[in-house]
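The shown structure was predicted, so the numbers you read here are calculated from the model rather than taken from an experiment. In the text below, chain A, chain B and the rest are named by the order of the sequence lines, each starting its count at 1.
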Amino acid sequence: MVNEPYTIKLQDIFEGPMDLLVHLIKKNEVDIYDIPIAFITEKFLEYLEWMKSLDVDIAGDFLVMAATLAHIKSRMLLPSRNEGTDTDEDDDPRKEITGPLIEYMQMKSVAEKLARQPILDEDVFSRNVEKYNLVHDPSEETLQVDLTSLLSTYRSLLDRIADQKGLRITFEGISVKEKMTELIDIIKEKGAVAFDSLLSDTPDRIEIILTFLAILEIVKLNMVRLIQSSPYGNLRLIHRKADDARLQN
Amino acid sequence: MLQIKSIIESLLFASKGPLNVEEIKKVIPDAEKEEIKAVLNELKNEFEKRNGGFVLHEVAGGFQFRTKPEHKEYIHRLFQPSPARLSKAALETLAIIAYRQPVMRSEIEHIRGVNAGNTIRLLLERKLVRILGRREIPGRPIVYATTQKFLEIFDLKSLKDLPTPKDIDDLQTASKPDDQSLPFKSESADPSTSENNS
Amino acid sequence: MLQIKSIIESLLFASKGPLNVEEIKKVIPDAEKEEIKAVLNELKNEFEKRNGGFVLHEVAGGFQFRTKPEHKEYIHRLFQPSPARLSKAALETLAIIAYRQPVMRSEIEHIRGVNAGNTIRLLLERKLVRILGRREIPGRPIVYATTQKFLEIFDLKSLKDLPTPKDIDDLQTASKPDDQSLPFKSESADPSTSENNS
């Protein structure tokens with residue numbers, strides 16, 4: 001069945017269908033701009049068969065690629081609609097994989113070149129100053145902060161309290177939070193505002209909902225008072241502080 | 001082959017702690033102990049004579065490169081916490097304020113399980129958080145939020161750009177089918193490629 | 001007062017990462033930038049000439065003392081176990097992020113043809129990539145970029161220093177053993193063309 005048995009070592013298992021395609025193209029010294037699609041498809045399927053025979057789970061990505069190749073192959077068999085014109089090249093169904101393949105091969109070449117650099121902590125070493133004597137108290141140790149450390153700190157806090165009863169932490173959309181902060185700033189500055197004036201000139205539904213949710217949250221926080229003078233009338237938001245002052249005068 | 005002196009110097013440079021003759025011998029078995037000892041003393045003299053920023057110091061039965069004591073003032077300045085450096089406690093508090101703002105001190109303390117007064121003060125001083133206002137409930141507790149400077153330091157355009165724990169959790173799962181992660185989008189609607197990614 | 005050269009050397013020695021002129025200036029405000037720059041180059045030449053175990057290396061926009069690649073075997077023997085090497089998948093994903101930044105997960109998966117979630121997570125954990133923000137399209141997907149540490153680890157002065165992808169003609173012949181051993185050919189392709197800034 002397979003006349004040329006694969007001699008692939010297990011560590012050479014391909015990362016994905018693209019990786020396999022690149023291997024087939026290089027191994028068979030195929031011109032990337034003129035891929036013999038029937039041949040490559042056959043080799044691709046042979047490899048899948050081989051993986052199956054080893055009881056390796058074939059990832060869905062490989063099957064998608066097999067289908068894509070088969071589809072291109074069938075389109076190659078159809079006569080070109082623009083026969084006789086100069087657009088033959090543009091019509092080449094193989095274009096669908098040629099472009100992505102070139103892109104992937106280029107990125108692979110960059111990865112290979114990167115791996116050849118003298119890599120820090122693998123080929124060259126800097127001084128190990130993690131435990132530099134200057135830090136006397138470990139609690140005083142400072143960390144370089146970045147988004148990833150902020151996020152992972154928050155996640156580990158959530159994990160830490162996950163089991164505690166009576167405390168429910170939900171992943172709230174940050175957008176409502178941001179809106180709240182923004183609105184409190186406005187209301188604090190102006191003392192009182194109408195709901196309408198908090199919206200942009202052409203608010204979309206999301207913005208209206210977001211603003212409304214944020215206002216409800218602010219009211220819940222007891223930082224503003226909400227007044228509606230007539231049914232369906234405009235909502236007015238009054239800063240609690242300003243409200244107090246007015247009542248006293 | 002590399003010079004033994006050069007190898008020993010690189011080991012002393014990269015090592016976490018002081019190295020003694022036996023430890024070096026283990027890494028360079030070909031070298032004689034006497035030779036290693038001689039090289040260490042040679043290096044020590046060389047760096048002393050050089051009169052640079054650091055010397056090879058004999059300590060705890062071994063040798064270690066160390067800066068000279070007279071430089072400590074400058075090195076302390078180098079390590080002075082900049083706005084981009086925070087203690088673990090401060091980072092935790094900042095994370096809670098960032099993700100749960102507007103938030104009260106009691107909520108922060110509830111999550112962290114410890115008093116947060118000092119770290120909040122530090123974050124206020126560093127202008128990473130601000131007082132947004134007070135909740136009009138008994139005790140009128142202060143409500144905290146993050147600042148513009150917070151966004152600058154974390155390189156965010158707005159709070160909306162803050163990644164959530166969910167974003168990280170999503171990385172563990174396969175991408176959603178509508179994520180256009182198919183190897184190829186075939187321009188013709190091909191049933192065999194459109195629903196296969198799960 | 002201590003010699004500026006000696007101070008700068010001690011700072012470079014004590015610092016965790018590469019230091020640039022501005023950072024040194026902050027610690028020694030009296031020194032002129034030009035002076036600092038001159039001292040850095042002087043030190044660099046001096047350590048090169050010394051031909052010892054480490055040199056002053058210019059990387060990621062700054063200067064850092066580093067051992068020479070030829071010593072790695074000995075240093076690895078000193079530090080067992082050595083850190084895990086990055087896998088092929090991690091390197092490819094990193095190459096795509098470096099070239100296409102800011103880039104979405106789906107774009108990475110589109111190019112590699114496989115799920116990238118776990119690899120991105122690993123790269124985030126190792127601080128080689130970072131979350132830059134979100135793209136303003138439906139779903140507001142996270143976009144990724146490389147970090148300063150990426151430059152430090154891969155010995156790049158800046159992103160402009162990234163290796164250029166091979167020409168297609170080279171890619172096709174890459175399977176022939178003779179071609180594979182070619183050193184970095186300086187490609188005619190300008191790194192700032194198409195691939196770099198989409």
Side-chain angles (χ1 to χ4, degrees), chain A residues 11 14-23 25-33 59-62 64-65 98 100-130 132-134 144 146-152 175, chain C residues 13-18 54 57 59 64-69 71-72 75-76 79 82-83 85-86 88-89 91-96 98-100 110-115 124-125 127 129-132 147 149 152-156 162-166 168 170-176 184 195:
Chain A
Q11 67 256 37
F14 295 101
E15 289 285 338
M18 294 292 278
D19 206 22
L20 172 55
L21 267 188
V22 169
H23 169 81
I25 281 167
K26 283 187 173 177
K27 184 170 168 251
N28 296 293
E29 293 180 37
V30 158
D31 178 359
I32 187 140
Y33 290 111
D61 304 316
F62 281 95
V64 174
M65 176 64 81
T98 308
L101 264 175
I102 289 173
E103 189 172 25
Y104 179 58
M105 285 165 91
Q106 286 187 322
M107 287 301 117
K108 252 177 130 46
S109 76
V110 171
E112 281 161 16
K113 286 182 180 179
L114 277 179
R116 264 185 270 152
Q117 303 273 79
I119 297 174
L120 186 66
D121 293 335
E122 285 184 11
D123 304 314
V124 295
F125 298 82
S126 62
R127 266 189 16 96
N128 195 314
V129 279
E130 289 300 325
Y132 198 64
N133 307 351
L134 277 168
Q144 187 79 42
D146 53 57
L147 262 187
T148 311
S149 53
L150 184 77
L151 180 55
S152 56
S175 40
Chain C
F13 177 85
S15 168
K16 268 190 191 181
F54 53 92
H57 192 73
V59 66
Q64 183 177 41
F65 281 120
R66 289 187 173 188
T67 59
K68 295 187 204 160
H71 293 91
K72 71 173 171 189
I75 297 170
H76 276 294
F79 293 148
S82 42
R85 295 189 73 97
L86 286 169
K88 200 170 82 172
L91 279 168
E92 285 182 14
T93 305
L94 198 52
I96 295 168
Y99 253 87
R100 295 299 181 99
H110 184 62
I111 294 173
R112 292 198 59 236
V114 287
N115 188 302
L124 280 171
E125 273 163 19
K127 304 216 172 194
V129 309
R130 64 197 169 113
I131 293 168
L132 192 68
T147 59
K149 193 174 171 198
E152 288 173 27
I153 297 275
F154 287 93
D155 197 20
L156 303 168
L162 268 178
T164 41
K166 276 193 191 170
I168 288 310
D170 292 339
L171 288 173
Q172 295 208 69
T173 51
S175 61
K176 292 176 196 161
F184 299 73
E195 287 89 11

*Shortest non-hydrogen contact between C:Val114 and A:Pro17, atoms and distance*: CG1-CD, 3.9 Å
_One thing to verify: whether A:Glu122 and C:Arg85 come together as a salt bridge, which I'm taking to mean a side-chain N less than 4.0 angstrom from a carboxylate O._
yes
*State, yes or no, whether a side-chain contact exists between C:Arg112 and A:Met18 at a heavy-atom distance under 4.5 Å.*
no
*May I ask you to decide if C:Phe154's main-chain N or O and A:Gln117's side chain share a donor-acceptor pair within less than 3.5 Å?*
yes
*Would you say the side-chain atoms of A:Ser109 pair up with the backbone N or O of C:Pro165, donor to acceptor, closer than 3.5 Å?*
no
*Select one option (side chain, backbone, both, neither) describing which atoms of C:Gln64 are under 4.5 Å from chain A's heavy atoms.*
side chain
*Is chain C contacted by the side chain of A:Thr148, its backbone, both, or neither, given a heavy-atom distance below 4.5 Å?*
side chain
*Do the side chain of A:Lys113 and the main chain of C:Thr164 share a donor and acceptor less than 3.5 angstrom apart?*
yes
*Is a side-chain donor-acceptor pair under 3.5 Å present for A:Gln106 with C:Tyr99?*
no
*asked:* Could you check whether A:Phe125 and C:Phe54 have their ring centres less than 6.0 Å apart?
replied: no
*Smallest separation among heavy atoms of C:Ala95 and A:Ala111, with atom names*: CB-N, 3.8 Å
_Smallest separation among heavy atoms of C:Leu91 and A:Ala115, with atom names_ = CD1-CB, 3.7 Å
*What's the verdict on salt bridge (charged side-chain N to carboxylate O under 4.0 Å, His left out) for A:Asp146 and C:Arg130, showing C-alpha distance, side-chain angles and the deciding distance?*
CA-CA 8 Å; A:Asp146 53 57; C:Arg130 64 197 169 113; over 6 Å; no
*A:Arg127 (side chain) donor-acceptor with C:Phe13 (main chain) under 3.5 angstrom*: yes
*From CG (C:Asn115) to CG (A:Asp61), nearest 0.5 Å*: 7.5 Å
*Closest approach of A:Asp121 to C:Ile153 (non-hydrogen atoms, all atoms of both residues)*: OD2-CD1, 4.4 Å
*Please assess A:Leu120 against C:Asp155 for the test side-chain contact (heavy atoms from CB on, under 4.5 Å), listing each intermediate value before the final yes or no.*
CA-CA 7 Å; A:Leu120 186 66; C:Asp155 197 20; over 6 Å; no
*Looking at C:Pro163 and A:Leu114, what are the two nearest heavy atoms and their distance?*
CD-CD2, 3.9 Å
*asked:* For a quick test of reading the model, state the closest non-hydrogen atom pair linking C:Glu92 to A:Tyr104 and the distance between them.
replied: OE1-OH, 2.6 Å
*Given a strict heavy-atom distance threshold of 4.5 Å, which part of A:Ile119 is in contact with chain C: side chain, backbone, both, or neither?*
both
*asked:* Return the CG to OG distance between C:Leu124 and A:Ser149, rounded to the nearest 0.5 Å.
replied: 11.5 Å
_Choice from C:Ile96, C:Val129, C:Thr147, C:Thr93 maximising heavy atom contacts with chain A below 4.5 Å_ = C:Ile96
